[in-house]
Amino acid sequence: MDEDGSVRIAVMGVAGRMGRMLAEVVAESDAARLVAATVRPGHDWAGADLGEATGGARSGVPVYDDPLEAIRGADAVLDFTTPEVSVELSVLTAQARAVHVIGTTGFDDAQLAKLAAAARHAVIVRAGNMSLGVNLLTILTRQVAAALGEDFDIEIVEAHHRMKVDAPSGTALMLGEAAAEGRGVKLSDVADRGRDGITGTRVSGHIGFSAIRGGEIVGEHDVLFAGPGERVILRHVATDRRIFARGALRAGLWGQGKAPGEYTMASVLGLA
Ligand code: NAD
């Protein structure tokens with residue numbers, strides 16, 4: 001921590017869409033100070049000053065392509081990169097005792113196990129979606145799924161911009177997990193991910209996923225409960241990607257001094 005009590009933050013993958021936004025949100029915060037940033041090895045910005053690299057005035061924030069350099073002086077690491085990179089970083093942040101906020105999505109089971117291992121020694125806050133609204137939607141989804149029972153079919157429909165590489169979105173999977181939890185079942189046993197051709201009639205109790213990709217859609221999620229004679233739709237629409245960056249910063253501040261473990265945004269928001 002700084003002498004004035006500011007939490008020292010390092011942003012990973014600062015040249016990315018979320019990375020740039022994280023750097024801006026941290027720079028605007030009174031509670032935090034951006035101390036370093038990283039780019040992938042060989043990127044043009046490696047060795048530069050972040051302000052100058054982004055076409056502005058000198059900021060005093062160094063950009064490294066070696067994550068160790070950046071993590072060394074940080075209390076919290078904000079990481080929206082790739083699953084492979086986030087898993088590697090989790091080892092370094094655990095060694096450095098820095099809070100690791102992971103916004104990256106698309107982890108497989110083996111990678112999740114490695115994150116869980118790192119969380120034995122470090123504070124990890126991981127969420128497929130770091131917005132307050134979506135985390136509230138998740139809690140509501142769990143409650144509604146528990147209340148309505150199996151004669152309501154659950155479908156999760158999500159829409160994102162054309163650059164997104166994984167489907168369903170991390171948020172859609174998070175909502176699916178919440179619905180499955182509400183019903184007391186395992187998502188992997190009931191998930192229908194993508195239907196095509198003669199699929200047969202819908203299996204009762206399954207949770208369906210559909211993904212729309214196009215343009216610059218920031219992120220939209222509907223959780224549809226379709227029952228006999230009525231439907232309930234829970235909807236979240238994101239219009240500004242800063243909601244994710246603000247949530248990530250809040251998680252980095254919240255994690256200071258917490259016991260090692262893997263936390264979600266529900267904990268950060270006091271809703272766990
Ligand atoms: P992006 O491709 O624009 O950014 C990723 C950045 O990581 C790139 O600039 C890439 O060069 C950089 N990178 C790759 N390897 C690196 C390394 N070894 N060291 C440092 N940087 C490295 O993607 P994006 O849209 O910013 O999304 C990034 C991730 O965050 C995705 O998994 C996305 O799904 C997720 N995301 C999560 C949330 C959330 O709220 N949890 C919100 C938006 C996006």
Side-chain angles (χ1 to χ4, degrees), residues 1-107 111 114-115 118 122-127 130 161 163-165 218 240-256:
M1 208 167 282
D2 268 350
E3 280 161 18
D4 68 355
S6 303
V7 173
R8 297 168 302 172
I9 306 273
V11 170
M12 306 292 103
V14 75
R17 279 182 295 269
M18 281 307 302
R20 287 167 200 244
M21 212 150 270
L22 288 161
E24 284 171 24
V25 165
V26 175
E28 287 162 9
S29 164
D30 294 333
R33 187 167 70 85
L34 185 61
V35 293
T38 69
V39 285
R40 66 175 157 68
H43 191 279
D44 286 352
W45 294 3
D49 174 88
L50 180 61
E52 288 172 353
T54 51
R58 192 171 174 78
S59 62
V61 178
V63 182
Y64 299 106
D65 62 2
D66 174 3
L68 255 187
E69 297 264 15
I71 292 170
R72 192 173 285 152
D75 303 310
V77 171
L78 309 185
D79 165 20
F80 288 57
T81 55
T82 68
E84 298 74 27
V85 172
S86 293
V87 168
E88 283 171 26
L89 289 173
S90 70
V91 177
L92 303 179
T93 51
Q95 283 165 359
R97 299 282 180 266
V99 173
H100 190 184
V101 179
I102 304 177
T104 310
T105 61
F107 294 99
Q111 290 167 329
K114 287 183 184 163
L115 293 183
V123 175
I124 291 181
V125 183
R126 187 173 64 83
M130 295 220 160
H161 55 87
M163 303 304 287
K164 187 162 179 64
V165 297
V218 174
D240 178 357
R241 293 169 76 83
R242 276 170 188 267
I243 58 174
F244 311 127
R246 284 194 206 102
L249 173 58
R250 183 156 162 185
L253 300 177
W254 173 88
Q256 299 303 311

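Numbers here are sequence positions counted from 1.
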For a quick test of reading the model, state the closest non-hydrogen atom pair linking [X] to [Y] and the distance between them.
X: P67; Y: L92; answer: CG-CD1, 3.8 Å
X: S86; Y: T81; answer: OG-OG1, 3.4 Å
X: V11; Y: A23; answer: CG2-N, 4.2 Å
X: S29; Y: A31; answer: OG-N, 3.0 Å
X: A15; Y: V39; answer: CB-CG1, 4.1 Å
X: A36; Y: Y64; answer: CB-CE1, 3.9 Å

Nearest 0.5 angstrom please: [X] [atom1] to [Y] [atom2], how far?
X: R33; Y: R8; atom1: CZ; atom2: CZ; result: 8.0 Å
X: S6; Y: L34; atom1: OG; atom2: CG; result: 11.5 Å
X: I243; Y: M21; atom1: CD1; atom2: CE; result: 10.5 Å
X: L115; Y: I102; atom1: CG; atom2: CD1; result: 4.5 Å
X: Q95; Y: R72; atom1: CD; atom2: CZ; result: 11.5 Å

I9: which of L22, V35, V61, L249 passes side chain to side chain contact (heavy atoms under 4.5 Å, CB included) |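 Exactly one option meets the side chain to side chain contact (heavy atoms under 4.5 Å, CB included) with I9, and it is L249.
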
Distance-only donor-acceptor check, side chains D79 and H100, under 3.5 Å =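 Note: D79 and H100 side chains meet the donor-acceptor criterion.
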
Do [X] and [Y] come close enough that some side-chain heavy atom pair is under 4.5 Å?
X: T54; Y: W45; answer: yes
X: F244; Y: V218; answer: yes
X: M130; Y: M18; answer: no
X: E24; Y: R242; answer: yes

Do any N or O atoms from the side chain of [X] and from the backbone of [Y] form a donor-acceptor pair under 3.5 angstrom?
X: Q256; Y: D75; answer: yes
X: T104; Y: P83; answer: no
X: T38; Y: D65; answer: no
X: D66; Y: L68; answer: yes

Apply side chain to side chain contact (heavy atoms under 4.5 Å, CB included) to R126 and F107, showing your working.
-> CA-CA 11 Å; R126 187 173 64 83; F107 294 99; 4.0 Å; yes

Is it the case that more than 12 heavy atoms not belonging to K114 sit under 6.0 Å from its NZ atom?
->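 No, because the 6.0 Å sphere around NZ of K114 holds 12 heavy atoms or fewer from other groups.
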
Can M1 and V7 be said to form a side chain to side chain contact (heavy atoms under 4.5 Å, CB included), step by step?
-> CA-CA 5 Å; M1 208 167 282; V7 173; 4.0 Å; yes

